[in-house]
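What follows is a structure written as structure tokens; I'll ask about it next.
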Amino acid sequence: MTAPEFNNSYTDLPPRMFAQVAPAGSPDPELIALNETLAARLGLSTDWLRSEAGMAMLSGNALPEGAASIAQAYAGHQFGHLSPQLGDGRALMIGEVVAPDGKRFDLQLKGAGRTPFSRQGDGKSWLGPVLREYLDSEFMAAVGVPTTRALAAVATGERVQRETVLPGGIMTRVAASHIRVGTFEYFGIRGDLEALRALCDHVMARHYPEASSPLEMLEMVVAAQARLVAHWMALGFIHGVMNTDNMAVSGETIDYGPAAFMDGYHPDRVFSSIDRHGRYAWSQQPHVAVWNLAQLASCLIPLMGSDQDKAIADATRVVHSFPATYQAAWMDRFCAKIGLFPSAEGKALIDRLLDLMASEQADFTRVFAGLSDGTARDEFLNREAFDDWQHDWQAQSPDTGLMRRTNPVRIPRNHRIEQAIQAAVAGDYAPFHRLDAALRAPFENRAAWDDLSNPPLAEERVTRTFCGT
Ligand code: AMP
Ligand code: MG
């Protein structure tokens, strides 16, 4: 039972890239959830995490020796508009740990109090966003999507003021790193080439050791994002706020503020209350990713040698490589969803099926999960059209095992998350724990969890989600 052994590297970068800051602390912390599987993966002692010293860390009351305790500087394009100074306003990086397999991870407290980047905010979080991110990110990990993870959720015992007064919470987030496209922008827009170079070297050493130049790094970030977004699409996942400050260069999904999984399928589905024009709708996500990556590219161009015309041409070519990688990943994922290897026939069948689904807003998860057990037909009103499709699909001899391994039977449905949050606010964490357990086995049919696969009743439907403030 020992404290985490920190091995910090971000703090070796120029000091203007972060601010040293202590967490505000929690008056009466209570551990809601500790992710023991993740703790083991990181080589952290669960006994220590549950100890007084461990709880002090997870609630921001006292950090162990060797902690970095920093807020990172970043900028970002929010809905297309540049905010030159964002940064960790309600998050604090405790420090980095190296897992038994040699992989390096950041530990971060989300909701631990004010930092120099908090602007008007209180630096706190209420329980809702903590539990939502915990469930969403752990589900993503369970289905194999690169993502930040949730190590712990704590109720702080403090009340935070939002539209109403709500119980406060802190989530301990684990990430390959918290470096964002917006981190590069922060230094790019300031013309700080020294910091940009240091950041680039840090990212290459940490995430892309095969890259030997900023251009090669860009190529790898573009490919990682193309594969990531294709994976999101195949789950009906809508990130909701794909600002450049919410895009990690590691290729992990980050920042689950208004994120949501679709129930009824429609390509233009949007949940975020602030996304009035559907900029971040499901179908827009690959286009937005390219837009964001173009921002990253423009930050890197000054590092790409003295022939800037050539640098611009090279960077442009790399950003334009996104669609090919994305299309290939999309084909792999969606063809697998209908039990086929990638093929033109498969693509045509998917397009037809998605059109049918969209015309009735059929349930995304239930249709695909139902293909392997013969219940997909029940999800349609126009059975004739589905039968026609099914006839042509069966002719391709789909692989049932492949479908079962690909299509989750359960997703973190909005209404279930909402119910778990409501119960938690009232002091009952049982629905949260039940949902968490079920989402960790997303491909497993189990009668006791059948209700969690159901779409929402009309009165349960959640049509709007909110940023995690
Ligand atoms: P988001 O849109 O949730 O990714 O957050 C955008 C920016 O707002 C980031 O710089 C956050 O740190 C900051 N922020 C959000 N909520 C708060 C808060 N309650 N207190 C301080 N800063 C916040
Ligand atoms: Mg953010």
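Just follow the structure's listing: the first ligand is 1, and inside any ligand the first atom is 1. Small disclaimer: the values here were computed from a predicted structure and weren't measured.
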Legend entry - Per-atom contacts of ligand 1 with Gly89, taking only distances under 4.0 Å to non-hydrogen atoms: 12 (O), 20 (N), 21 (C), 22 (N)
Inset, instruction - Consider ligand 1: state whether an atom of it lies below 4.0 angstrom from any non-hydrogen atom of Gln85. - result: no
Inset, instruction - Give a yes or no on whether a salt bridge exists between Arg114 and Asp122, defined as a side-chain N under 4.0 angstrom from a carboxylate O. - result: no
Legend entry - NZ or CZ of Arg366 within 45° of Phe368 ring axis and under 6.0 Å: no
Inset, instruction - Just go through Ile254, Asp122, Asn246, Val241 and tell me whose heavy atom is the nearest to atom 19 (N) of ligand 1. - result: Asp122
Inset, instruction - Examine Asn243 and say whether one of its N/O/S atoms is closer to the Mg ion (ligand 2) than 2.8 Å. - result: no
Legend entry - Contact check: Phe117 vs ligand 1, nitrogen or oxygen atoms, below 3.5 angstrom: no
Legend entry - Closest Asp255 atom to the Mg ion (ligand 2) [N, O or S only]: OD2
Legend entry - Centroid-centroid under 6.0 Å between Phe261 and Phe139 rings: yes
Inset, instruction - Tell me which one of Gly121, Gly182, Gly87 gets a heavy atom nearest to atom 11 (C) of ligand 1. - result: Gly87
Legend entry - Presence of salt bridge, Glu194 and Arg16, under 4.0 angstrom: yes
Inset, instruction - Evaluate salt bridge (Lys or Arg N to Asp or Glu O under 4.0 Å) for Lys337 paired with Asp332, printing each intermediate quantity in order. - result: CA-CA 9 Å; Lys337 286 180 83 63; Asp332 282 347; over 6 Å; no
Inset, instruction - Mind listing the closest non-hydrogen atom pair of Ser250 and His207 along with its distance? - result: CB-CE1, 3.7 Å
Inset, instruction - Run the salt-bridge test on Arg317 and Glu219 with the 4.0 Å N-O cut-off and return the result as yes or no. - result: no
Inset, instruction - Give the numbers and elements of all ligand 1 atoms closer than 4.0 Å to a heavy atom of Tyr74. - result: 9 (C), 10 (O)
Inset, instruction - Determine, using heavy atoms of Arg119 and all atoms of ligand 1, whether some pair is separated by less than 4.0 Å. - result: yes
Legend entry - Distance filter under 4.0 Å to Ser118 heavy atoms, resulting ligand 1 atoms: 21 (C), 22 (N)
Inset, instruction - Check whether any N or O atom of Cys467, backbone or side chain, sits under 3.5 Å from an N or O atom of ligand 1, and answer yes or no. - result: no
Inset, instruction - Please step through ring-ring contact (aromatic ring centres under 6.0 Å, His included) for the pair Phe117 and Tyr74, ending with a clear verdict. - result: CA-CA 9 Å; Phe117 304 105; Tyr74 56 82; 7.6 Å; no
Legend entry - Per-atom contacts of ligand 1 with Leu86, taking only distances under 4.0 Å to non-hydrogen atoms: 10 (O)
Inset, instruction - Fit a plane to each ring of Trp330 and Phe334, take the angle between them on a 0 to 90° scale, and name the class: parallel (under 30°), tilted (30 to 60°) or perpendicular (over 60°). - result: parallel
Legend entry - Aromatic plane relationship, Phe237 with Trp232 - under 30° parallel, 30 to 60° tilted, over 60° perpendicular: perpendicular
Inset, instruction - Compare Arg180, Arg90, Lys124 and give the one whose heavy atom is closest to atom 5 (O) of ligand 1. - result: Arg90
Inset, instruction - Report the part of Asp255 (side chain from C-beta onward, or backbone N, CA, C, O) that has a heavy atom under 4.0 Å from ligand 1; answer both or neither where that applies. - result: side chain
Legend entry - Lys/Arg-Asp/Glu bridge criterion (N-O < 4.0 Å) met for Arg197, Asp201: no
Legend entry - Atoms in ligand 1 with a heavy atom of Gly123 nearer than 4.0 Å: 18 (C), 19 (N), 20 (N), 21 (C)
Inset, instruction - Report yes if some N/O of Asp88 lies less than 3.5 Å from some N/O of ligand 1; otherwise report no. - result: no
Legend entry - Under-4.0 Å heavy-atom contact with ligand 1, by part of Arg162 that carries it: side chain
